[in-house]
Amino acid sequence: MAEKEVKSSSSPKFELLPEKWDMESIIEHVIIHYRFIFVMFLLPVSLVYDLYFYTRSKIVFAMSSAPTKHKEKVANIQKQVREYQTNGEGKGMCTARPGWQTISPQNMEYKNKMYPININLVDILEINPDRRTVQCEPLVTMGQLTATLDHLGWTIPIVPELDDLTIGGLVMGTGIETSSHRFGLFQHICKSYELVLADGSVVECSPYTDPELFYSVPWSYGTLGFLTSVEIEIIPSRRFVRLDYTPVYSLEQMVETFEREVERSDSANFVECLVYSREKAVVMTGNLVDCCEPGKLNEIGKWYKPWFFKHVQGFFETGPRTEYIPLRQYYHRHSRSIFWELQDIIPFGNNVVFRYLFGWLVPPKVSLLKLTQGKTLKRLYETKHMIQDMLVPLPDLKASIELFHREVEIYPIWLCPFRLSAQAGMLSSPSNRDEMFVDVGVYGVPKTDRFEAEKTTRKIEEFVRNVSGFQMMYADSYMTRDEFRAMFDHTLYDRVREKLGCKGNFPEVYDKVNKKARSG
């Protein structure tokens, strides 16, 4: 029964032929129902792309050349910024990284109107066991970082899920994972930042050397300066995650079980919930361990294994279970299926035959999918698809699930708790003390007839503002400037922008993240 619920509420029903035979209808039909044929050609391209950067990062790290080259690369950024001051004509600066390379569903059209600064900062600079830190350049990815640290017996306290997420994006935007109820958001494990400012100078900031700048950087989206390196906390790793699965069969039981696990004084290292319908979910709690019980090892990251969300769904039939998953495979458990988005792109991708023959090629690069989507598919994604992460106080979880069920009826829904610290910055605790929030992640095709992209999203944004929550900035935002400033605390941000002379050199955050700025 659960299998049918997920299929009916996540991917469009396959239709062999289009309803109409005009050219636009035919193109739209092929893109929706046969795109997997085109994506199959992207899979080997994605593999070559990954192998190149994996090999390069290994060689650079082994030769220890990154720290010296880093200074040269930062000097080149400084040179470009100073050239802008002479030749930029007040356009405002942004990175030259193409919009299709970002994880955001949009292509960042605002970049076409701004002065591009080339930033080629892709290396891990130093791992310092004594200080328990790792220093990275901003384009280092989660997959690259965890692969490097894991072999040395280290990890970072928060490992946001997808392999291609970058350090810079997680700092300037945000990052979250199932350990966030203990450690907070990605910004809360960062020790210091290095930036090139609007005048071309280089500064380092930490909570002790320049707290105003340090707390302004997260969520600033590159509007205070160009991030050139980040110092991040590391902790000793363990071999496995002992993962306990608890299926629940009502909304009340779901919320009660999830809240209980999050708020326990001896809470697990990891807490997560996948919601498969309004009444059915699986709550997962995980703990780091060094050994595994016989017969309970599940190497879920292997190419032939079922997609993780499909695997979890099976516990409605079997009841509660315990498994042991290798640590790095746990960190990237949703990567192979891009959470559950890949089932809409390759409908048979979880088929056992496909997994064994082609699973090692999955997933296709999100950036390549964006680059090749074309105008028709882009329009369809904008009008018939939703990707949102809304961060709401834990007491408002039940109302949030009911709202998403009523307005979009997209399943699964990802629930990830996090602790919001009482610190200055764009994300400020409404009570001025540490509070527990939850990320409600909704990704897929709406199944309600009432769905209208702008109208529905604005209704959800209004709900989130009313409960003093936040919207992740990578997603489509239809808020007005005043509504955006009501959601995010600009007090410190405005003061730091004035102090650093950002006006005329960098746009405000709103001018980079609102829907119009991104889609043109």
Side-chain angles (χ1 to χ4, degrees), residues 1-11 176 178 180-181 243-264 267-268 270-286 308-321 334 339-340 386-419 435-451 456-457 459-472:
M1 183 64 179
E3 177 77 11
K4 292 180 181 178
E5 287 175 359
V6 172
K7 283 187 177 180
S8 65
S9 61
S10 58
S11 56
I176 191 171
T178 53
S180 288
H181 64 295
L243 196 59
D244 296 309
Y245 302 87
T246 305
V248 292
Y249 302 92
S250 72
L251 179 57
E252 290 72 22
Q253 185 187 14
M254 178 199 314
V255 173
E256 178 186 351
T257 304
F258 185 75
E259 290 184 348
R260 181 178 67 246
E261 295 297 341
V262 169
E263 295 181 329
R264 286 174 52 170
S267 63
F270 308 101
V271 179
E272 174 183 24
C273 181
L274 296 186
V275 183
Y276 289 87
S277 73
R278 188 180 179 278
E279 305 297 334
K280 300 179 74 172
V282 179
V283 178
M284 289 162 277
T285 56
F308 184 71
F309 79 97
K310 289 289 190 181
H311 172 67
V312 173
Q313 187 181 11
F315 294 106
F316 291 124
E317 302 297 330
T318 65
R321 287 289 188 276
H334 291 299
F339 280 87
W340 29 91
M386 173 175 275
I387 301 179
Q388 290 287 344
D389 282 270
M390 296 296 186
L391 314 179
V392 299
L394 188 58
D396 296 296
L397 172 58
K398 181 179 179 182
S400 300
I401 293 174
E402 289 175 331
L403 173 71
F404 276 110
H405 177 81
R406 185 170 60 251
E407 296 298 331
V408 295
E409 202 175 340
I410 295 174
Y411 292 102
I413 293 175
W414 189 55
L415 302 182
C416 181
F418 73 96
R419 179 173 54 84
E435 285 190 66
M436 198 63 70
F437 275 60
V438 59
D439 175 4
V440 183
V442 177
Y443 328 114
V445 179
K447 290 298 174 289
T448 57
D449 295 334
R450 68 169 61 90
F451 177 78
T456 302
T457 305
K459 185 178 293 187
I460 294 170
E461 289 169 344
E462 181 181 17
F463 168 85
V464 174
R465 287 197 306 276
N466 288 340
V467 299
S468 299
F470 310 94
Q471 179 184 35
M472 281 200 185

* So F315 and H311, would you call those rings parallel, tilted or perpendicular, with 30° and 60° as cut-offs? -> perpendicular

* Taking the side chain as every heavy atom from C-beta outward, state whether L274 and I413 have any pair of such atoms under 4.5 Å apart. => no

* Do F316 and K280 have side chains that get closer than 4.5 Å, going by heavy atoms? -> yes

* Asked: Under a 4.5 Å cut-off applied to non-hydrogen side-chain atoms, are E279 and S250 in contact?
  -> yes

* Taking all atoms of both residues into account, what is the closest heavy-atom pair of P417 and S180, and its distance? -> O-CB, 3.5 Å

* Asked: Taking C-beta and beyond as the side chain, do M472 and L391 meet within less than 4.5 Å on heavy atoms?
  -> yes

* Decide yes or no for E272 and T285: does some side-chain heavy atom of the first lie under 4.5 Å from some side-chain heavy atom of the second? => no

* Asked: Are S400 and F463 close enough, and set up right, to give a side chain to side chain contact (heavy atoms under 4.5 Å, CB included), and what steps lead you there?
  -> CA-CA 8 Å; S400 300; F463 168 85; 3.3 Å; yes

* Structure fact -> Minimal heavy-atom distance between P412 and W340, with the atoms involved, is O-NE1, 3.3 Å

* To do: List the steps, then state whether side chain to side chain contact (heavy atoms under 4.5 Å, CB included) holds for D389 with D439.
  => CA-CA 6 Å; D389 282 270; D439 175 4; 2.9 Å; yes

* Asked: From T246 OG1 over to Q253 CD, what is the distance, rounded to the nearest 0.5 angstrom?
  -> 9.0 Å

* With side chains defined as the heavy atoms from C-beta onward, is the minimum distance between Y245 and V283 less than 4.5 Å? -> no

* is_close_aromatic(Y276, F309), centroid dist under 6.0 Å -> no

* To do: Start with the C-alpha gap between L394 and F437, add the side-chain angles, then the distance that decides, and say whether side chain to side chain contact (heavy atoms under 4.5 Å, CB included) holds.
  => CA-CA 5 Å; L394 188 58; F437 275 60; over 6 Å; no

* Asked: Say you draw a straight line from CE of M390 to CZ of F404; how long is it, rounded to the nearest 0.5 Å?
  -> 5.5 Å

* **Criterion salt bridge (Lys or Arg N to Asp or Glu O under 4.0 Å) on E409 and R278, from CA distance to verdict** => CA-CA 9 Å; E409 202 175 340; R278 188 180 179 278; over 6 Å; no

* Structure fact -> Closest non-hydrogen contact found for L243 with F308 is CD2-CZ, 4.1 Å

* Asked: What distance separates R419 CZ from M436 CE, expressed to the nearest 0.5 Å?
  -> 7.5 Å

* Any side-chain heavy atom of V262 within less than 4.5 Å of one from V438? -> no

* To do: Heavy atoms only: give me the nearest V275-A281 pair and the separation to one decimal.
  => CA-CB, 3.8 Å

* Does any N or O in the side chain of R450 come within less than 3.5 Å of the main-chain N or O of R406, such that one atom is a donor and the other an acceptor? -> yes

* State, yes or no, whether a side-chain contact exists between L397 and V440 at a heavy-atom distance under 4.5 Å. => yes

* What's the shortest heavy-atom distance between G286 and A268, and which atoms? -> O-CB, 3.4 Å

* Asked: Knowing that exactly one of V408, I410, V445 qualifies, which makes a side chain to side chain contact (heavy atoms under 4.5 Å, CB included) with F451?
  -> V408

* If you measure from OH on Y249 to CE on M254, what distance do you get to the nearest 0.5 Å? -> 12.0 Å

* To do: Quick one: pull up OG in S468 and CD in E435 and give me the separation to the nearest 0.5 Å.
  => 8.0 Å

* Asked: Taking the side chain from D396 and the backbone from V392, do they hold a donor-acceptor pair closer than 3.5 Å?
  -> no

* List the atom of P395, the atom of E259, and the distance in Å for their closest heavy-atom pair. => CA-OE2, 4.2 Å

* **F339/H334 under ring pair (Phe, Tyr, Trp, His ring centres under 6.0 Å): CA gap, chis, key distance, verdict** => CA-CA 5 Å; F339 280 87; H334 291 299; 4.6 Å; yes

* Aromatic ring pairing H405/Y411, orientation class (parallel under 30°, perpendicular over 60°, tilted between) -> tilted

* Asked: Does the side chain to side chain contact (heavy atoms under 4.5 Å, CB included) test come out yes or no for T457 and M386, once each step is laid out?
  -> CA-CA 9 Å; T457 305; M386 173 175 275; 3.7 Å; yes

* **From R260 atom CZ to E263 atom CD, the distance as rounded to the nearest 0.5 Å** => 11.0 Å

* Check: T448 side chain, E407 main-chain N or O, donor-acceptor pair, under 3.5 Å -> yes

